[in-house]
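This report refers to the structure that appears directly beneath it.
All of these numbers come straight from a predicted model, not from anything done at the bench. All residue numbers refer to positions in the sequence shown, counting from 1.
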Amino acid sequence: MKTIIKKYGFLVLTVYTLGFTSCTKFLDESDPSNFTVENYFTKPEHARSSVNAIYASMRDPMSSGFGGGPWTMTEFATGQAATDLGQAVDSYFVKDLQNTADNSYGLNYWQNYYKGIGNANLSIAKIPSIPMDAAEAKKLLGEAHFLRAWYYFNLVQMFGNIPLITAPVDLKSDQLRPKQAAPDDVYKLIVEDLKTAEAAGLAWVDVTGRVSLGAVKSLLAKVYLTMAGYPLQKGAEYFDLAAKKSEEVIDSKQFKLFNSYGDLHNPAKKNMEENIFMIQYKTQIIPANWQELIIPYNKNISAYSAETGGIYATADFVKSYDPADLRAKEGQFFFTKFTNQDNRNLVVDLGGYFIYKIFDVAAHTSTANSDLNWSLLRYAEVLLIYAEAANEVNGPSTKIYDEVNLIRTRAQLPKLTGLSKDQLREAIWRERWYELCFENVTWFDMARLRKAFNVNTKEFDNYVGHKFSYGPVLTQRELLFPIPSRELRNNTNLIPTEGY
């Protein structure tokens, strides 16, 4: 029985959609009005739609509601996030360091990102056989390789030893129940994919939100920086690669910091200037669906009917900012008060530090239908990647100070100068913690550095043994999230994550 694929629908990875053998002679009859894997990839528009399908899996972990949101998993793992959403038990399991392999957040990431990888594998395998313009085919394959790399990069950081699947899977495939690969092998594929994407002829900037050369080089710089640290510990050579690749992005002059933090959550600023690569949303079509999770619990400030209080910053983290830091002031990265939905002249005390940098003001005050994208790579991070990596290679330099001070100047902080290599290293780390908080970056920094930010001392503790401000203490097992128990049951070749 052949699998049916709608012309403009999403392709999926499961073996149920990748080529069943015939069930009966009756069911084996084809319907010429439908598409199968075997007859779909025949036209240029099929190539484009197949690549479009790869992007879709990025959105799934962003889904949010009274059960919480998978995207919060890496935020609660930092010890810098709080919640009032009692029924979102998976949030508490991560936040209180009592996580298990049954956590639905990890399962969501695992299943959807492997679905994205499966769609990428399908496009990579099938597009070369489609009669079409060679340059356009090369660009589409570049997008597919980038997206496969992006999914694998996140999975290998979160789960460690993971299956490495590089071709479409069917019931006869030896990858039907794959074994785990060493992280080094996964990173090798990630780098190869990104180099392929880098040579694909993509434009530096793509305002439609598709993969651009700027996104490719930015992600490659981030990958190199991660490979320099834990668990691979490739050291100086990869710091140098990260510095040079991020410098290419800087020297391109294609990107710049926003003048205002308000532009970070301004739908009019999608896919431009500071926003290098984003998850795409469109009001009334695919609205951004994390908004109700960041609203204070039942304060009647929002046009959304569900005010969940699902995630906000701990007071200890926000108070650790320099008092002069603009980012920590009201209505910049955080907010503690807002107007009442029924009377916008009435100001409501929210009772906590809620996340304003990803708050869609128009949606909350009127439409309850958000047009805001989610930023995955922004220029501020590229500047900090360059500063950290270049400092590790040669120590402080004028260019390093220039790039990191762009971020500090926007925050209305004095410029860094005259620091030792060690002092500058930790100063750059602090900028990463403060600038990139609540963007699914901080926990990944903790894992690659084996460090955690102490909000009381404002110094960096060793990861293992670090105590969250509200009590729990990190152990070795929290360096990874557990491979989901459902996947372990379905694939007996998988080895459970140590400690879970």
Side-chain angles (χ1 to χ4, degrees), residues 3 5 10-20 36-38 40-41 46-58 60 109-130 137-200 202 211 215-216 219-220 222-224 226-227 231-232 483-484 487 490-495:
T3 299
I5 302 177
F10 295 150
L11 311 178
V12 293
L13 173 61
T14 63
V15 296
Y16 303 106
T17 65
L18 291 181
F20 270 48
T36 68
V37 169
E38 290 76 15
Y40 181 70
F41 292 90
H46 297 167
R48 176 75 265 171
S49 65
S50 77
V51 172
N52 287 348
I54 308 170
Y55 290 85
S57 294
M58 290 182 168
D60 291 287
Y109 270 113
W110 183 282
Q111 291 184 334
N112 284 297
Y113 281 13
Y114 270 112
K115 183 191 297 183
I117 288 166
N119 287 332
N121 289 339
L122 197 57
S123 293
I124 291 166
K126 297 294 185 179
I127 288 175
S129 65
I130 297 175
K138 189 174 182 180
K139 290 178 182 178
L140 289 170
L141 287 167
E143 289 181 56
H145 280 283
F146 171 93
L147 293 166
R148 184 169 69 175
W150 192 90
Y151 288 124
Y152 268 127
F153 182 48
N154 283 274
L155 285 170
V156 74
Q157 290 177 94
M158 287 191 281
F159 299 106
N161 293 356
I162 60 172
L164 184 60
I165 305 167
T166 58
V169 176
D170 60 28
L171 286 172
K172 296 180 180 179
S173 172
D174 59 4
Q175 289 290 288
L176 183 59
R177 291 184 176 86
K179 295 181 180 180
Q180 288 143 292
D184 205 19
D185 292 333
V186 179
Y187 275 100
K188 182 179 179 181
L189 178 73
I190 292 167
V191 171
E192 289 174 353
D193 273 347
L194 291 174
K195 286 183 175 180
T196 298
E198 194 175 23
L202 299 168
V211 176
V216 175
L219 183 58
L220 189 51
K222 188 170 182 174
V223 169
Y224 285 145
T226 302
M227 294 174 74
L232 301 188
I483 293 176
E487 297 301 315
N490 289 339
N491 180 3
T492 55
N493 287 324
L494 295 178
I495 300 171

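Looking at Gln175, its side chain never comes within 3.5 Å of a backbone N or O of Ala167 through a donor-acceptor pair. Side-chain atoms of Lys138 come within 3.5 Å of backbone atoms of Ala199 as a donor-acceptor pair (strictly under, hydrogens ignored). A distance-only check finds no donor-acceptor pair linking the side chain of Ser173 to the backbone of Asp170 [under 3.5 Å]. When atom types are taken as modelled, the side chain of Tyr55 and the backbone of Val211 share a donor-acceptor pair closer than 3.5 angstrom.
The one candidate from Phe159, Trp110, Tyr113 that meets the ring-ring contact (aromatic ring centres under 6.0 Å, His included) condition with Tyr151 is Tyr113. For the side chain to side chain contact (heavy atoms under 4.5 Å, CB included) with Leu140, the qualifying choice from Leu202, Ile127, Ile124 is Ile127, the only one to do so.
Between Tyr152 and Tyr114, the ring planes are perpendicular. Angles over 60° get that label, and only those under 30° would be called parallel.
For the pair Val216/His145, no side-chain contact is recorded, criterion being any heavy-atom separation below 4.5 Å from C-beta on. The shortest distance between side-chain heavy atoms of Asp193 and Trp150 does not fall below 4.5 Å. You'll find the side chain of Ile117 reaches within 4.5 Å of the side chain of Leu155, heavy atoms only. Looking at Thr196 and Leu141, their side chains never come closer than 4.5 Å, going by heavy atoms from C-beta outward.
The minimum heavy-atom distance linking Ile483 with Asn161 is given by the pair CD1-O, 3.7 Å. A pairwise comparison of heavy atoms in Asp60 and Ala56 identifies OD2-O, 3.4 Å as the closest pair. Across Ala144 and Ala120, no two heavy atoms sit closer than the pair O-CB, 3.8 Å. Closest approach of Arg177 and Asn490 over heavy atoms only: NE-O, 3.5 Å. Residues Leu219 and Leu194 come closest through the heavy atom pair CD2-CD2, 3.8 Å. Between Pro178 and Leu494, the shortest heavy-atom distance links the atoms O-CD2, 3.8 Å.
Ile165 contributes atom CD1, which lies 11.5 Å from atom CG of Leu189 (distance to the nearest 0.5 angstrom). Annotation: the span from Met58 atom CE to Leu147 atom CG amounts to 5.0 Å, rounded to 0.5 Å. Note that CG of Asp185 is 11.0 Å distant from CD1 of Ile162, once rounded to the nearest 0.5 Å. Once rounded to the nearest 0.5 Å, the distance linking CE of Met227 with CG of Asp184 reads 6.5 Å.
Contact check on Glu143 versus Arg48 returns a salt bridge, with a Lys/Arg side-chain nitrogen under 4.0 Å from an Asp/Glu carboxylate oxygen.
Side-chain contact, Tyr187 with Thr226: no donor N or O sits under 3.5 Å from an acceptor N or O.
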